[in-house]
Amino acid sequence: MATDTLKSTTGAGGASGGLRRLLLDNGALTALIVLVIAMSALSGDFLTTDNLLNVGVQAAVTAILAFGVTFVIVSAGIDLSVGSVAALSATVLAWSATSAGVPVVLAVLLAIATGIVCGLVNGILISYGKLPPFIATLAMLSVARGLSLVISEGSPIAFPDSVSHLGDTLGGWLPVPVLVMIVMGLIAAFVLGRTYIGRSMYAIGGNEEAARLSGLRVKKQKLAIYAFSGVFAAVAGVVLAARLSSAQPQAADGYELDAIAAVVIGGASLAGGTGKASGTLIGALILAVLRNGLNLLNVSAFWQQVVIGVVIALAVLFDTLRRKAGATPVAAGASGGGKGRQAATYGLAAVVTVAIVGATSFLHNGSSSASAPKMGLSLSTLNNPFFVQIRAGAQAEAKRLGIDLTVTDAQNDASQQANQLQNFTSSNLGAIIVNPVDSDAASNSVKAADKAKIPVVAVDRTVNNAAVDTLVASDNVAGGELAAKSIAEKLGGEGKIVILQGQAGTSAARERAEGFAKGLKAYPGIRVVAQQPADFDRTKGLDVMSNLLQAHPDVQGVIAANDEMALGAIKALGSKAGTSVSVVGFDGTPDGLKAVEGGTLYASVAQQPSQLGKIAVDNALKALQGKEVEQTVKVPVKVVTKENVAGFSG
């Protein structure tokens, strides 16, 4: 019946029907072409060789993860654990090769074995435990992420130099992550199209019961399918960590959603039975082009999430329309003629794209480049009032000086920040200001900017193992000591306190915790009864403090690594806050200062964030103009209490 529909539709439409059929059968490719043409027309920086290579590098990790997820989705399953498995595999490699002293080759094999074991556990829970794939892989998501944090103790682990070369380039221009992506894509295509297990995936996804009755050992096949997904996740984790020169316990957080989106955008159906590696690659490239282009166009990171969500929804809608229209499903066993037509389609698409893009490039080449100085500011997050104030200070100063400032939000994702910094570098900005998610992870991207002779200014946190023109910061360790001193003196040198730590793995959390510990050494009468991370988040601060109060109802003081967590703790303490329990925060945010004024927050170690942003822009301009800048510019921290809050301005 579907064949009859296809024939009648093709015959009736003639040439127009053929074009419609071509577009329906290659919707992802069509979307990619349209995106490339649109970004080329809108941004003169998009078509540069460096930027196109950036797109490939930025697509690599998502694509490798997505190739593994393709196996699962084709078989009508789902795998939510790949991001966490990637982080765990990279952590196992880094820990084995450094702390445990295992030879690097064996450490790499252990990382791959970690991915396989995680995949097999998923498969066992699904096949033999009868758990829905969603639940089984959701559990593994949590377990793998937790193990990554346990092994790393919440801190990044430096990657061995021999493995870090996976993040380098060959011949000084060809990125190794792109080569790894191509190799893994070819393996995925081979498995899907040329092997027994590949054909089994399509059969199971098409009709699992029919596959079982046909003699397929469905349970064992599912074990292999999820093990494949684990292998690809492990490889993706190693590539990602190599790019960042360190294994980050929080790396690849949320990447499972990008991987699933890439597979769906590439034409696979969540109902199973259809999908191919080339489509998945195109889906990953679409996401990378979108993020890259939106960064170049200075679109807010918040709106970027909206755009990507819309694209995913449209992709699923298009898949529904394609099926209703009788488009040819992408499954195993395509004929030689079909593959020939597919190759011709890709070739024609490439020719059309090059021709149109070449034409649009003349528009940009002919435009005047004389304009205001351009700078980029990459912030670790804009989901925190402290960094919002840094942005406000930087934008106000840039406007005063006539600077075109592009601001990006890394959303506390070190790899996303690496992508943004690479985009800045390929856009030939005059200067770059970076507030690192992690001081180690930003090093490779800053080295690339240094190589391109672009001045780099670090703000609030430094960049390790890379040269920056200047660091504009207050001292997190010194601020932590001041916080400890404030709470200790408020309690008269004796009492029980709890500490709410920042997000595990971030340099700010480590440095402030170090300051708390140093400061409390001078007060042996102060006893820390509990320390728990609340991820710099007000809601988590509320939840964690509520839990700690059950075990320690007699606590007399709280130190929080930022004001947001402190405000959450105040909510949990209720009437105790500011009366029987003293709370000290960090950052001096507007909400924090209001709480200080109201008496519920005893003190906040204020860093004057708007001044950090202003001074960073001033120094970036000096560096751009070739003027001498100080290696370190310290913005003093200040303990703000109810007595001096009225005269304080951040």
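Values below: every heavy atom of this structure, side chains too, minus hydrogens, waters and symmetry copies.
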Note to self: Apply salt bridge (charged side-chain N to carboxylate O under 4.0 Å, His left out) to residues Asp618 and Lys622 and explain how you reach the verdict.
What the structure shows: CA-CA 6 Å; Asp618 289 338; Lys622 287 180 182 178; over 6 Å; no
Item checked: Residues in side chain to side chain contact (heavy atoms under 4.5 Å, CB included) contact with Lys571, at least two apart in sequence or another chain -> Leu542
Check: Got a sec, which residues hit side chain to side chain donor-acceptor pair (under 3.5 Å) with Glu153, two or more places apart in sequence or on another chain?
Finding: none
Item checked: Side-chain (Thr381) to main-chain (Asn383) donor-acceptor, under 3.5 angstrom -> yes
Next item on the list: Just grab all the salt bridge (Lys or Arg N to Asp or Glu O under 4.0 Å) pairs involving residues 530-542, residues at least two apart or on different chains.
Entry: Asp535-Lys540, Arg538-Glu564, Arg538-Asp591
Checklist line | Spacing of Leu287 atom CG and Gln304 atom CD [to the nearest 0.5 Å] | finding: 11.5 Å
Margin query: Test of understanding: with side chain to side chain contact (heavy atoms under 4.5 Å, CB included), list the residues that count as partners of Ser604, not counting sequence neighbours.
Written below: Asp563, Val596, Leu601
Next item on the list: Look only at the side chain of Asn435 and the backbone of Val459, and say whether a donor-acceptor pair between them is shorter than 3.5 Å.
Entry: yes
Notebook entry, point to check: Is a side-chain donor or acceptor of Asp409 paired with a backbone partner of Leu382 at a separation under 3.5 angstrom?
Noted result: yes
Note to self: Treating Asn295 as the side-chain partner and Gln420 as the backbone partner, does any N or O pair qualify as donor plus acceptor under 3.5 Å?
What the structure shows: no
Check: Are any non-hydrogen side-chain atoms of Phe424 and Thr406 less than 4.5 angstrom apart?
Finding: yes
Item checked: Among Asn444, Asn464, Asn465, the one residue meeting side-chain hydrogen bond (donor to acceptor under 3.5 Å, both in side chains) with Ser245 -> Asn444
Check: Under 4.5 Å between any side-chain heavy atoms of Val498 and Val528, yes or no?
Finding: no
Item checked: Flag, side chain of Ser152 to backbone of Gly154, donor-acceptor distance under 3.5 Å -> yes
Notebook entry, point to check: Quick one: does Ser142's side chain have a donor or acceptor within less than 3.5 Å of a partner on Ala139's backbone?
Noted result: no
Next item on the list: Could you tell me which residues satisfy side chain to side chain contact (heavy atoms under 4.5 Å, CB included) with Lys399, sequence neighbours excluded, listed by chain and number?
Entry: none
Next item on the list: Taking side chain to side chain contact (heavy atoms under 4.5 Å, CB included) as the test, write out the residues that go with Ile182, two or more places apart.
Entry: Val178, Leu186
Item checked: Sequence-distant partners of Ser474, side chain to side chain donor-acceptor pair (under 3.5 Å), two or more places apart -> Gln607
Check: Quick one: side chain to side chain donor-acceptor pair (under 3.5 Å) partners of Glu511, sequence neighbours excluded?
Finding: Asn476
Item checked: Approximate separation, where rounding is to 0.5 Å, of Asn384 CG and Gln389 CD -> 9.0 Å
Margin query: Just to verify, what does Asp438 make a salt bridge (Lys or Arg N to Asp or Glu O under 4.0 Å) with, not counting sequence neighbours?
Written below: Arg510
Next item on the list: Taking all heavy atoms of Ile265 and all of Gly283, pick out the closest pair and write down the distance.
Entry: CG2-CA, 4.0 Å
Next item on the list: Could you check Leu421 against Ile432 for side-chain contact (heavy atoms from CB on, under 4.5 Å), going step by step and ending with a plain yes or no?
Entry: CA-CA 8 Å; Leu421 294 175; Ile432 295 173; 3.8 Å; yes
Next item on the list: Could you go through the side-chain contact (heavy atoms from CB on, under 4.5 Å) check for Ile64 and Met184 one step at a time?
Entry: CA-CA 6 Å; Ile64 295 170; Met184 298 306 290; 4.3 Å; yes
Next item on the list: Would you name the heavy atoms of Val544 and Pro533 that are closest together and state the gap between them?
Entry: CG2-O, 3.7 Å
Next item on the list: Please lay out, stage by stage, how Thr98 and Phe159 fare under the test side-chain contact (heavy atoms from CB on, under 4.5 Å).
Entry: CA-CA 8 Å; Thr98 54; Phe159 232 46; over 6 Å; no
Checklist line | Sidechain-backbone polar pair: Arg512 side chain, Ala561 backbone, donor-acceptor under 3.5 Å | finding: yes
Item checked: Ser81 side-chain N/O to Leu141 backbone N/O, donor-acceptor pair under 3.5 Å -> no
Margin query: According to salt bridge (Lys or Arg N to Asp or Glu O under 4.0 Å), does anything in residues 254-263 pair up with another residue at least two apart or in another chain? List the pairs.
Written below: Asp258-Arg291
Next item on the list: Taking side chain to side chain donor-acceptor pair (under 3.5 Å) as the test, write out the residues that go with Glu481, two or more places apart.
Entry: none
Item checked: Where at least one partner belongs to residues 231-258, residue pairs that pass ring-ring contact (aromatic ring centres under 6.0 Å, His included), sequence neighbours excluded -> Phe71-Phe232
Note to self: Can a donor-acceptor pair be found, under 3.5 Å and without considering hydrogens, that links the side chain of Asp404 to the backbone of Pro373?
What the structure shows: no
Checklist line | Interatomic spacing from CD in Gln531 to CD1 in Ile497 - rounded to 0.5 Å | finding: 8.0 Å
Checklist line | Point-to-point distance, once rounded to the nearest 0.5 Å, from CD1 of Ile615 to NZ of Lys634 | finding: 12.0 Å
Check: Going through the checks in order, is the side-chain contact (heavy atoms from CB on, under 4.5 Å) test met by Leu548 and Leu500?
Finding: CA-CA 10 Å; Leu548 292 178; Leu500 299 183; 4.2 Å; yes
Margin query: Any non-hydrogen side-chain atom of Gln416 less than 4.5 Å from a side-chain atom of Gln411?
Written below: yes
